[in-house]
Amino acid sequence: MKVFDFDTDALAGTYREQGWLHVRNGVTEEFLEHARWTAQESGALEALQGPAIKGAKSQYVYDFPQDVDWELDVLDVVAQLAGMRRERLVLSERHIKAYLSDADPWPPPHKDRYASGIALGVTLDVGPGSHVVLYPDDDTSTNPHLTTGLRDALLPEEQPEVTLLGAREVALHDAPGDVLAFPGSSVWHLRRQAAATVLVYLKFNDMDCDPLGEDPTTAGRSETTSALVDQPPRLLESFPVLARRFDSVGCETGRGRERPTWHVNVWEDEGRVAHAVPEPYADLAKQVDGTRSVAELADVGASSLWGERLVEAVRALARRGALDLLPERVAP
């Protein structure tokens, strides 16, 4: 089954120039029919919940039809359209989103999490008057957080109600079968009159970032890491990178403590989890990039760790889900 039905070469230039796309009838009839059927059946599924899922809508993980050529019809198209590195492309979200009947008709703008380098929305059903509003020209810095709580971290003068005052709005009045595309993590956006609207949202990045673990290959990579951790010769030959579900390195000085506590934050099924680690381990997590093997890192020293101490640090971080171990070197 083919997914998209548009000229990728022509639209890639338009996306680069204006920073967004609205493609009428941008998916095939066959894919639209499957997605709408899946959305109708999603009532029997368990809605996504937890601290990483917010908003006045029910959300469900969307599974692509088995006869979709994932490499050719999805990844190749998205990489070319967005100008992203194909070999690093990751699907960070694949959700059916059904807006509730009491959804705020005039919501404030928001930005998606850091992992949403490009957001592709496939419209399935549209409520009366429902449309998307983008602000592509103003305050386009990238949301650095892997959560949707950017507004909570902004000062009053940094809130979009201030920074977007007088900004140009781009209103996209979509219809079933349309495709909307924009940089979700850097463009403020919203949907007005959202009630009764249903979409499939696909969000991609080329930063190897998948906090919710929804890319089809993420689970397999975690399994490979688990296998390499317990095989010392292969562990030394592997190439550590930040795990796809890695969030951040943090340091806290608790009440009544003189020494700070270091931790690595990792997304797990229940949300973001902080794992306490020694400071050199946290420093090591900030240095690995897949260009040097564990043996090479141990030879030159990293994060003040050498030899067996570094190997043990890699093993500990991998077991905590902060590092993935790759069998091949990553191209710089």
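Hydrogens, waters and symmetry mates are skipped; everything else that's a heavy atom, side chains included, is used.
- Donor-acceptor pairing under 3.5 Å is recorded for the side chains of Glu169 and Tyr135.
- Residue Gln287 comes nearest to Ala302 through the heavy atom pair OE1-CB, 3.9 Å, listed as atom of the first residue, atom of the second, then distance.
- Side-chain contact check for Arg272 versus Val266: every heavy-atom pair is 4.5 Å or farther apart.
- One N or O on the side chain of Thr147 and one on the backbone of Gly149 form a donor-acceptor pair closer than 3.5 Å.
- Judged by distance alone, the side chains of Asp112 and His189 do bring a donor and an acceptor atom under 3.5 Å apart.
- Panel note: side chain Asp178, backbone Ala175; a donor-acceptor pair is recorded below 3.5 Å.
- Cation-pi geometry between Lys203 and Tyr201 is met: under 6.0 angstrom from the ring centre, within 45 degrees of the axis.
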ask   = Going through the checks in order, is the side chain to side chain contact (heavy atoms under 4.5 Å, CB included) test met by Phe6 and Val77?
value = CA-CA 10 Å; Phe6 51 72; Val77 171; 4.1 Å; yes
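- For the salt bridge (charged side-chain N to carboxylate O under 4.0 Å, His left out) test, residues two or more places apart in sequence or in another chain that qualify with Asp76 are Arg86.
- When each of Leu81, Val179, Leu180 is tested with Leu21 by the rule side chain to side chain contact (heavy atoms under 4.5 Å, CB included), just one qualifies, namely Leu81.
- Residues Leu190 and Val132 have side chains not in contact (no heavy-atom distance under 4.5 Å, counting atoms from C-beta outward).
- Nearest heavy-atom pair, Pro240 versus Val294, reported as atom, atom and distance to 0.1 Å: CD-CG2, 3.8 Å.
- The minimum heavy-atom distance between Phe4 and Asp73, with the atom names listed, is CD1-O, 3.5 Å.
- Between Tyr15 and Trp20, the ring centre distance reaches or exceeds 6.0 Å.
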Sequence neighbours excluded and cut-off under 3.5 Å, please list the side-chain donor-acceptor pairs for residues 157-165, or say none.
from: Glu158; atom 1: OE1; to: Leu155; atom 2: N; distance (Å): 2.8
from: Gln159; atom 1: NE2; to: Arg151; atom 2: O; distance (Å): 2.9
from: Gln159; atom 1: NE2; to: Leu154; atom 2: O; distance (Å): 3.2
from: Glu161; atom 1: OE1; to: Arg151; atom 2: NH2; distance (Å): 3.1
from: Glu161; atom 1: OE2; to: Arg151; atom 2: NH1; distance (Å): 3.4
from: Glu161; atom 1: OE2; to: Arg151; atom 2: NH2; distance (Å): 2.9
from: Thr163; atom 1: OG1; to: Asp139; atom 2: OD2; distance (Å): 3.1

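- A salt bridge between Asp210 and Arg221 is absent, with no side-chain N of the basic residue lying under 4.0 Å from a carboxylate O of the acidic one.
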ask   = Which is it for Glu237 and Arg234 under the salt bridge (Lys or Arg N to Asp or Glu O under 4.0 Å) test, yes or no, and what are the steps along the way?
value = CA-CA 5 Å; Glu237 297 170 356; Arg234 295 185 63 195; over 6 Å; no
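- Atom OH of Tyr114 and atom OG of Ser185 lie 8.0 Å apart (nearest 0.5 Å).
- Environment of CZ in Arg309: sparse, with no more than 12 heavy atoms of neighbouring residues, nucleotides or ligands closer than 6.0 Å.
- The shortest side-chain heavy-atom distance between Ser92 and Phe204 does not fall under the 4.5 Å cut-off.
- In plain terms, the two heavy atoms of Arg88 and Asp208 that are nearest each other are NH2-CB, 3.5 Å.
- Using a cut-off of 4.0 Å between Lys/Arg side-chain N and Asp/Glu carboxylate O, Arg94 and Asp63 are scored as salt-bridged.
- Legend: residues meeting side-chain contact (heavy atoms from CB on, under 4.5 Å) with Arg292, ordered by chain and number and at least two apart, are Glu296, Leu297, Val300.
- The shortest side-chain heavy-atom distance between Ser238 and Leu235 falls under the 4.5 Å cut-off.
- For the residue pair Arg191/Ser130, the side-chain donor-acceptor check at 3.5 Å is satisfied.
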ask   = Yes or no on side chain to side chain contact (heavy atoms under 4.5 Å, CB included) for Val273 and His275, after CA distance, side-chain angles and deciding distance?
value = CA-CA 6 Å; Val273 176; His275 297 277; 3.8 Å; yes
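- Between the OG atom in Ser226 and the CD atom in Gln231 there is a gap of 11.0 Å [rounded to 0.5 Å].
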Cut-off 3.5 Å, no hydrogens considered: what does the side-chain donor-acceptor table look like for residues 26-34, sequence neighbours left out?
from: Thr28; atom 1: OG1; to: Lys2; atom 2: O; distance (Å): 2.7
from: Thr28; atom 1: OG1; to: Phe31; atom 2: N; distance (Å): 3.1
from: His34; atom 1: ND1; to: Tyr62; atom 2: OH; distance (Å): 2.9

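- Scanning for salt bridge (charged side-chain N to carboxylate O under 4.0 Å, His left out) contacts around Glu87 gives an empty result, with sequence neighbours left out.
- For Arg244 and Asp215, the salt-bridge test passes: some basic side-chain N is under 4.0 Å from an acidic carboxylate O.
- In this structure, Leu199 and Asp174 have side chains that are in contact, with non-hydrogen atoms separated by less than 4.5 Å.
- Side-chain atoms of Val78 and Ile118, non-hydrogen and from C-beta on, do get closer than 4.5 Å to each other.
- Salt bridge status for Arg329 with Asp289: absent, with no side-chain N to carboxylate O gap under 4.0 Å.
- For Ala274, the side-chain contact (heavy atoms from CB on, under 4.5 Å) partners are His263, Asn265, not counting sequence neighbours.
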ask   = Please walk me through it: do Asp269 and Arg245 pass salt bridge (Lys or Arg N to Asp or Glu O under 4.0 Å)?
value = CA-CA 10 Å; Asp269 291 344; Arg245 303 192 72 173; 3.3 Å; yes
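- When all heavy atoms are compared, the tightest approach of Asp138 to Arg168 is OD1-N, 4.2 Å.
- Under the 4.5 Å side-chain heavy-atom criterion for Ile, Leu, Val, Met, Phe, Trp and Tyr, Trp188 and Leu120 are members of distinct hydrophobic clusters.
- Closest approach of Val198 and Ile96 over heavy atoms only: CG1-CG2, 4.2 Å.
- More than 12 non-hydrogen atoms from other residues, nucleotides or ligands lie less than 6.0 angstrom from CZ of Arg85.
- With rounding to the nearest 0.5 Å, the separation of CD in Gln80 from CG in Leu89 is 12.5 Å.
- Side-chain atoms of Thr225 come within 3.5 Å of backbone N or O of Leu325 as a donor-acceptor pair.
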message = Could you go through Tyr281 and Trp262, starting from their C-alpha distance and side-chain angles, then the distance that decides it, and tell me whether this counts as side chain to side chain contact (heavy atoms under 4.5 Å, CB included)?
response = CA-CA 9 Å; Tyr281 288 24; Trp262 288 85; over 6 Å; no
Stepwise side chain to side chain contact (heavy atoms under 4.5 Å, CB included) test for Leu242 and Met207 = CA-CA 10 Å; Leu242 290 178; Met207 300 165 291; over 6 Å; no
request  = Could you walk me through whether Arg36 and Asp125 pass the salt bridge (Lys or Arg N to Asp or Glu O under 4.0 Å) test, one step at a time?
outcome  = CA-CA 8 Å; Arg36 296 183 79 172; Asp125 289 292; 2.4 Å; yes
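- The distance from the CG atom of Asp324 to the CG atom of Leu317 is 11.5 Å, given to the nearest 0.5 Å.
- The backbone N or O of Gly129 sits less than 3.5 Å from a side-chain atom of His131, completing a donor-acceptor pair.
- Side chain of Ser116 to main chain of Arg113: no donor-acceptor pair is present (N/O by atom type, distance under 3.5 Å, no hydrogens or angles).
- Side-chain atoms of Cys209 and Leu146, non-hydrogen and from C-beta on, do get closer than 4.5 Å to each other.
- For Thr123 (side chain) and Pro176 (main-chain N/O), no donor-acceptor pair under 3.5 Å exists by modelled atom type.
- Leu150 places none of its side-chain heavy atoms less than 4.5 Å from the side chain of His110.
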